[in-house]
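Quick notes on the structure that follows.
Heavy-atom basis, side chains included; hydrogens, waters and symmetry copies ignored. These figures come from a predicted structure and were not determined experimentally. Below, read A as the first sequence line, B as the second, and so on, with proteins coming before strands; counting in each chain starts at 1.
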Amino acid sequence: MAGFLIAIGAGTASAGQGELFSYDAAAIENQMAQLDQLEAYLLDNPGTTLSQMTSEGNPLVVSVGESYGINGLTLLDDKTLGIPGFIWGCCLNWVGILVVYLVGKDPQQTKQAIFGCIVGSLLGIGTSIAAQLTGALSGMLGGGTF
Amino acid sequence: MFRILIPILILLVSANDAFSQKYSRVSADFSVKIKSPSGGQSLSQGRVYYDRGLRQIIYNLTFPVPETWVSADTVLYRIRDGKVVSRTFSPSMADFSVFHLALSSHLQNFGLNFTNYEPKTITREGDQVITTWLPPLHASDKLGKIMVSARNKQLYGVIFFDPKGIVIRKQFFEDYQVISGLSFPGKIVEINIFSGSETYQVTTFKNIVIDESENDDKYYYPVGSFR
């Protein structure tokens, strides 16, 4: 493990590192207000689908829809590789996050890197997909060979 | 001094891991709310199932439409009324999902110890233990560092940086619930920062069940028939 160096101990932290791990919870709560209302409605009306609510002219969906539009499956504007955002964040964890970021930065190359990674995994190269992905990203993006 | 301490620490962590209980299954009601900078927003709800041995992540969505999403191997299947609506190639990441990491007691370091990232510093600040992970040198022009914060031996926050050191994503794992001795986050808050704009994603897990001995069919979807 070249370059493996760990500094351990209290008081050696860069000042304010802990502050990085904070966010404005109230602001996010405010951003989610309409979705919270929709969530509460669904709790009282289990099994209701978006199309049912739309066809019934449910004011909750209509009001949100007029302003923004709700689409739980296509959701974000920058859907990556045809995979919904919640899958990337919730299912694919940190690797997915890196993929989303890198696709946003350089779509073509990163897509190729991802598929290179998949091919690598099918061939049984490496011990973990994440290691392959990191290697693929570094090697492929850096070397530009596919 | 560190050259002596580090192997001992690794040994202790490994020993602790070896004796810690391993779990195999988790299921939970999930809700994912997303708000993008453009005003777009979405809500997805349903129940998710994961079996560590079978390595399929199965989302049974109830909203916005009843559908099943299956992440199996390198394919993500979208299934409606028993028929495949779409299939998308994706990296096989079951091993790095929050479900797998929690069941295998590796959530605390976010699974980074299984990657090419290496821990550079470990520091304590208040009630947080913060580990900074660096990408391999040859990838440092493309990948940034990742900082992981743990509180009470539970993963609390993860911050992703770009190669220039700018924060691009924050994740917070909160509202931990202990079910059958396993600690699992009830809420994950994600803030994605891109070009100065922020996208928010809040995922909640409720009615979490660990190592369910029934409903075997919920944990495995026979996608082989779709190939």
Segment of B/I159 engaging chain A (4.5 angstrom heavy-atom cut-off): both
Heavy-atom pairs under 4.5 Å with chain A - which of B/T62, B/T131, B/I130, B/V48 has more of them than the others? B/I130
Which of A/L50, A/L38, A/T49 passes side-chain contact (heavy atoms from CB on, under 4.5 Å) with B/P64? Answer is A/L50
Close side-chain approach of A/L35 to B/Y200, heavy-atom, < 4.5 Å: no
Residue part contacting chain A, namely of B/V189, when any heavy atom lies under 4.5 Å: side chain
Segment of B/T132 engaging chain A (4.5 angstrom heavy-atom cut-off): side chain
Leading residue by heavy atom contact count with chain A [cutoff under 4.5 Å; candidates B/E198, B/E174, B/H100]: B/E174
What distance do A/F21 atom CZ and B/Q128 atom CD have between them, rounded to the nearest 0.5 Å? 6.5 Å
List in chain and number order the residues that pass side chain to side chain contact (heavy atoms under 4.5 Å, CB included) with A/T48, two or more places apart in sequence or in another chain; answer none if no residue qualifies. A/Y41, A/L42, A/N45, A/Q52, A/M53
Among A/A27, A/S22, A/P46, which residue has the highest count of heavy-atom pairs closer than 4.5 Å to chain B? A/S22
If one checks every heavy atom of B/F172 against chain A at 4.5 Å, the contacting part turns out to be side chain
Distance from B/K206 atom NZ to A/L43 atom CG, nearest 0.5 Å? 6.5 Å
Under 3.5 Å, which donor-acceptor pairs do the side chains of residues 151-158 of chain B form with other protein atoms, sequence neighbours left out?
from   : atom 1 : to     : atom 2 : distance (Å)
B/R151 : NE     : B/D127 : OD1    : 3.4
B/R151 : NE     : B/D127 : OD2    : 3.4
B/Q154 : NE2    : B/S183 : OG     : 2.6

Closest heavy-atom pair, A/E39 versus B/K33, reported as atoms and distance to 0.1 Å, is OE1-NZ, 3.0 Å
Within this structure, what is the CD1-CD distance for the pair B/I34 and A/Q31, rounded to the nearest 0.5 Å? 13.5 Å
When the 4.5 angstrom heavy-atom criterion is applied to A/E29 and chain B, the contacting part is neither
Quick check for you: to the nearest 0.5 Å, what is the distance between B/K35 atom NZ and A/M32 atom CE? 7.5 Å
Walk me through it: do B/I191 and A/I28 pass the test side chain to side chain contact (heavy atoms under 4.5 Å, CB included)? CA-CA 9 Å; B/I191 304 165; A/I28 292 180; 3.8 Å; yes
Using non-hydrogen atoms and a 4.5 Å limit, figure out which bit of B/S149 sits close to chain A: side chain, backbone, both or neither. both
Counting neighbours of CG on A/D44 that are heavy atoms of other residues, nucleotides or ligands and sit closer than 6.0 Å, is the number greater than 12? yes
